[in-house]
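Step one of this worksheet: look at the structure below.
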Amino acid sequence: MRAAPPGSPDLARRRQALVVVLTFLTGSADAIGFLALGGAFSSVMTGNMVLLGLSAGRGDADLALTSGCAILSFIAGVLAGARLAGPAQPDDPVWPRRVTHTLVLELLVFVVFLVVWVVTLPNRSPPVDLGLLMLSAAALGVQSSAIQRFGVPGLSSTYLTGTLTSLIAGVAARRPWHHLRPKAHVLLALITGAVVGSLLARQLPAWSPVLLLAPLVLVIAVSARMAE
């Protein structure tokens, strides 16, 4: 079977499918962070900024530390990811090779997360929880930069309020379903990831990191072939 040519609709569909997988990871990471790592999010920085404001109003130093560290870690991840992924270029293929390289960096961060999680699982302390949250937020920051390299307006696996707005606006305007389907798939993946992440965090905490590593390994493996 011949490979799809660069820029083909088939490759664009594959890219969209891989972004959906990454969004599932995002939902899982946010659920795990919120439920098991101190009550802040790994990717929803708008939510963390609200939590930071709430902590100031309530005088809650612990919440301020948790949400503030998550924000700073996400920023650090974005900076590192943007440096590695680089800006979008006019002659970019559908999946630039540097996107995969950036996702490998995210994977390395999550491997560290896995090691710390497993070693400290029996009786983690609040400082360890905070460190794990920071690792997760940094990894999601790296992922955000990787997706930005595509240069596709509205394409994201982390900040999705705009995706929801665009979907509802499209429904109101009666746009064809094939234009709206990718947005719906991304939002459904986020919710599904959060559901599965919350279940594992509560019922099978030892397996929670699998939700962060397995989707990422799959995306890297598939995208490496796309970038050949």
Side-chain angles (χ1 to χ4, degrees), residues 22-84 102 105-148 156-162 190-191 193-213 215-216:
L22 290 175
T23 308
F24 174 90
L25 183 163
T26 298
S28 299
D30 277 326
I32 293 167
F34 190 82
L35 293 175
L37 301 177
F41 300 104
S42 297
S43 79
V44 187
M45 292 304 113
T46 305
N48 285 338
M49 291 176 189
V50 172
L51 292 175
L52 188 60
L54 286 173
S55 70
R58 292 164 44 183
D60 188 337
D62 289 339
L63 183 58
L65 179 64
T66 302
S67 56
C69 285
I71 293 169
L72 292 176
S73 298
F74 185 87
I75 291 172
V78 169
L79 290 173
R83 189 74 182 230
L84 182 56
T102 307
L105 173 60
E106 181 186 4
L107 178 63
L108 293 176
V109 176
F110 273 133
V111 167
V112 176
F113 179 99
L114 170 66
V115 172
V116 176
W117 181 281
V118 171
V119 170
T120 62
L121 183 61
N123 51 353
R124 279 201 314 266
S125 63
V128 174
D129 283 344
L130 180 60
L132 286 168
L133 178 66
M134 293 173 68
L135 285 170
S136 182
L140 270 294
V142 171
Q143 181 179 303
S144 294
S145 293
I147 302 304
Q148 284 294 293
S156 176
S157 65
T158 52
Y159 42 97
L160 299 172
T161 303
L190 182 73
I191 295 170
V195 170
V196 178
S198 64
L199 289 174
L200 279 191
R202 292 300 192 192
Q203 305 298 327
L204 297 169
W207 289 90
S208 295
V210 173
L211 294 177
L212 311 179
L213 289 167
L216 194 51

How long is the straight-line distance from [atom2] of [Y] back to [atom1] of [X], given to the nearest 0.5 Å?
X	Y	atom1	atom2	value
Leu132	Ile32	CG	CD1	10.5 Å
Leu72	Met45	CG	CE	10.0 Å
Leu79	Ser145	CG	OG	7.5 Å

Candidate list Ser43, Ser144, Ser42, test side chain to side chain donor-acceptor pair (under 3.5 Å), partner Thr158, passing option: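 Testing each of Ser43, Ser144, Ser42 against Thr158, the sole residue satisfying side chain to side chain donor-acceptor pair (under 3.5 Å) is Ser144.
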Heavy atoms only: give me the nearest [X]-[Y] pair and the separation to one decimal.
X	Y	answer
Gly197	Ala31	C-CB, 4.0 Å
Ser67	Asn48	CB-O, 3.6 Å
Ala137	Ala70	CB-O, 3.5 Å
Leu63	Leu51	CD2-O, 3.7 Å

Can you check whether [X] reaches [Y] side chain to side chain, under 4.5 Å on heavy atoms?
X	Y	answer
Phe24	Leu211	yes
Thr102	Val142	yes
Val112	Leu108	no
Leu22	Ile147	yes
Leu25	Glu106	yes
Phe110	Leu140	yes
Thr23	Leu160	yes
Leu200	Gln203	no

message: Which residues pass the side chain to side chain donor-acceptor pair (under 3.5 Å) test with Ser157, not counting sequence neighbours?
response: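 Ser157 satisfies side chain to side chain donor-acceptor pair (under 3.5 Å) with Gln143 only.
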message: If the condition is side chain to side chain donor-acceptor pair (under 3.5 Å), which residues does Thr66 pass it with, not counting sequence neighbours?
response: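 If we apply the side chain to side chain donor-acceptor pair (under 3.5 Å) test to Thr66, skipping adjacent residues, there are no hits.
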- request: Take the angle between the ring planes of Trp117 and Phe113 and call it parallel below 30°, perpendicular above 60°, tilted in between.
  value: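 Plane angle under 30°, so parallel.
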query: Under the 3.5 angstrom rule, does the side chain of Ser73 hit a backbone N or O of Cys69 as a donor-acceptor pair?
result: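 Yes; at least one donor-acceptor contact below 3.5 Å.
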- prompt: Tell me the salt bridge (charged side-chain N to carboxylate O under 4.0 Å, His left out) pairs involving residues 196-207, sequence neighbours left out?
  reply: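 Pairs touching residues 196-207 that pass the test: none.
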query: Can you tell which of Leu133, Asp30, Ile71 makes a side chain to side chain contact (heavy atoms under 4.5 Å, CB included) with Phe41?
result: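 Filter result, single survivor: Asp30.
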query: When you look at Leu37 and Leu130, which way does the side-chain contact (heavy atoms from CB on, under 4.5 Å) test go after all the steps?
result: CA-CA 6 Å; Leu37 301 177; Leu130 180 60; over 6 Å; no
message: Checking Leu54 against Asp60 for the side-chain contact (heavy atoms from CB on, under 4.5 Å) test, could you report, in this order, the C-alpha distance in whole Å, the side-chain angles of both residues, the deciding distance, and whether it holds?
response: CA-CA 8 Å; Leu54 286 173; Asp60 188 337; over 6 Å; no
task: Please report the C-alpha distance between Arg124 and Val116 in whole Å, then the side-chain angles of each, then the deciding distance to 0.1 Å, and finally whether the side-chain contact (heavy atoms from CB on, under 4.5 Å) criterion is met.
output: CA-CA 10 Å; Arg124 279 201 314 266; Val116 176; 5.9 Å; no
